[in-house]
Amino acid sequence: MGCGWGVVVAALVVVVAAKLWQLTWALFWKPYALTKFFRSQGIRGPSYRFLYGSLGEIKDLKRDAKKLVLDSSSHDISPRILPHYHKWFPQYGETLVYWHGSLPRVTVTDPELVKQILSNKLGFYVKLKFKPSPVVGNGLVLLDGPLWARRRRLLRPAFSMEKLKPMMSKIGSCTLDMVVEWGKRASKGDQIDASSGFQRLTADIICHTAFGSSYRQGKQAFLAMKQLQRLTVAKLGGVLIPGSQYLQTPSNMETWKLERLLENSLMNIIRNKIASKPQNGGYGDDLLGMMIEASETTQGAKMNMNEIVDECKTFFFAGHETTSNLLTWTIFLLTMNKEWQQKLREEVFKECGMEIPDADSLSKLELKVNLVLLETLRVASQDIKLGRLDIPKGTILSIPIVKIHRSKEMWGDDANEFKPMRFVNGVSMAATHPNAFLPFGMGPRVCIGQNFAMMEAKSVLALLLQRFSFTLSPDYKHTPTNNLTLQPQYGLPVFVNPV
Ligand code: HEM
């Protein structure tokens, strides 16, 4: 008996010792070994700090950066939104390694290497999974491998120009509702926060275009998703203590409640849509209808309910704030460059008059939009060779698009100036490298909603410029901030005047 207990205790000691060794290796020795490995290739960066890596320093730098108010005419926004890169690039060069907890993160700005990562033909690079990720679901944005390929093939038809054209009238009518509201406020001399206006407008547009007649239920699901997103952002940037996501904290309980609400609302919309399909008709012109249609008519397994729910979440997540920010920053730039505001308005009048633009007239608008900033993250799923660099499995590769878009080496000495004419000979000729312009990414995972977003942004802008001129309010503070997407921290107060 005594001998039996002795064996159990000895086994326990061995297991605990093995776990402790694993932990010490992962949190202590491995980062030091990797630091040496990266240094031997000339990749340097801030030293690893136990458990937190560089997160503590990044947090402090970001906290201080949030207090900065930039000069409105400055396009170099990196001191505010990427203060860590702003500090480290001059110190360590643009290919540097820093630490997300105990995981190494290598930045890549060389367009050739960026192209190699984003072309990703052999599946070496997989998406970084946000955890927890109730917001994006397991949709197209985060899937990898054969699951991603099948889903992309099923969804592609829904985003073809042909399918998108019928949505233009919905985009037009949503915008005109906003125009009426802005007109009323303009007549009282009120200033308008264009940023929150565009947030509401693009939410309306995505709910109408995604769910058609189920718009109201779609809006309820959308609002739950926005709250979930806020909770998720609050959790990002901290160290995730394993298991903490299962504790009954107020924030976790709020998250679970919203997840159930989002899930149930979306399931109801989908069930109703399937049940109310006319005998000889289709599911309708909205994105959800086209998605169900495509999943039934394409060869191979149908998309099941959970997959469709995941893709609805993806449309909300990927298709709302991105386009809203594009519109916000475009209006900001047009208030700073009045001659361009006038040029665009003249072009709109010439091609569309006072009509709601259709696909034809839109295609004639040469509106240039050059401020779209995103950071794309990928993870190496096995040891790989990137250019001359050896990248060990598990390294997170970070492509700071904001930095690439502002690089003087690639865009010239006027990189920080507003010069739409640099695109006059096409996107690939605007910089020294054809792939230096990456607002929608590139390669097989290029944004599937690119046409949708550009069509939406052009329609909204045309309708606004036909009716209003925009002047920046003296209350505006130039404080771009990163809430997953790039937004003005205190909104974009403008005065609108009828033209
Ligand atoms: C100005 C607006 C937009 C910008 C700047 C933008 C940007 C991007 C970028 C950079 C990626 C690639 C990420 C990567 O390489 O992993 C992406 C992917 C994606 N975008 Fe967009 N996007 C916009 C609008 C939209 C809209 C309106 C939708 C849908 C309604 C959408 C849906 C998606 C989806 C589903 C993906 C994942 C594609 C895949 O991985 O196969 N996006 N977007």
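Every number for a ligand or one of its atoms is a count from 1 in the order of the listing. We use all heavy atoms of the structure for the numbers below, so side chains are in, but hydrogens, waters and symmetry mates are not.
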Between Y98 and Y85, what is the ring plane arrangement, given parallel below 30°, perpendicular above 60°, and tilted in between?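 Taking Y85 first and then Y98, their aromatic rings stand perpendicular (interplane angle over 60°).
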
Would you call the rings of Y215 and H208 parallel, tilted or perpendicular, where under 30° means parallel and over 60° means perpendicular?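 Judged by the thresholds at 30° and 60°, the geometry between Y215 and H208 is parallel.
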
Test of understanding: given a 4.0 Å heavy-atom threshold, classify the contact between T314 and ligand 1 as side chain, backbone, both, or neither. side chain

With heavy atoms of F452 as the reference, note each atom of ligand 1 found under 4.0 Å away.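 Contacts of ligand 1 toward F452, numbered from 1: 27 (C).
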
Within ligand 1, which atoms have a heavy atom of W148 less than 4.0 Å away? 39 (C), 40 (O), 41 (O)

Keeping the roles fixed (side chain from R105, backbone from T395), state whether a donor-acceptor pair exists under 3.5 Å.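 Absent.
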
With side chains defined as the heavy atoms from C-beta onward, is the minimum distance between K226 and R230 less than 4.5 Å? yes

Can the ring centroids of H320 and F315 be said to lie less than 6.0 angstrom from one another?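 Not close enough - the centres of the two rings lie 6.0 Å or further apart.
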
For [atom], which candidate among [options] holds the nearest heavy atom?
{"atom": "atom 33 (C) of ligand 1", "options": "A318, A158, G139", "value": "A318"}
{"atom": "atom 10 (C) of ligand 1", "options": "P439, S324, C447, A149", "value": "P439"}
{"atom": "atom 40 (O) of ligand 1", "options": "M442, R151, R156, R445", "value": "R445"}

So if I apply the ring pair (Phe, Tyr, Trp, His ring centres under 6.0 Å) rule between Y476 and each of F470, F332, Y490, which one comes out positive? F332

Would one find an N or O of T322, backbone or side chain, under 3.5 Å from an N or O of ligand 1?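 For ligand 1, there is no N or O atom that lies under 3.5 Å from one belonging to T322.
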
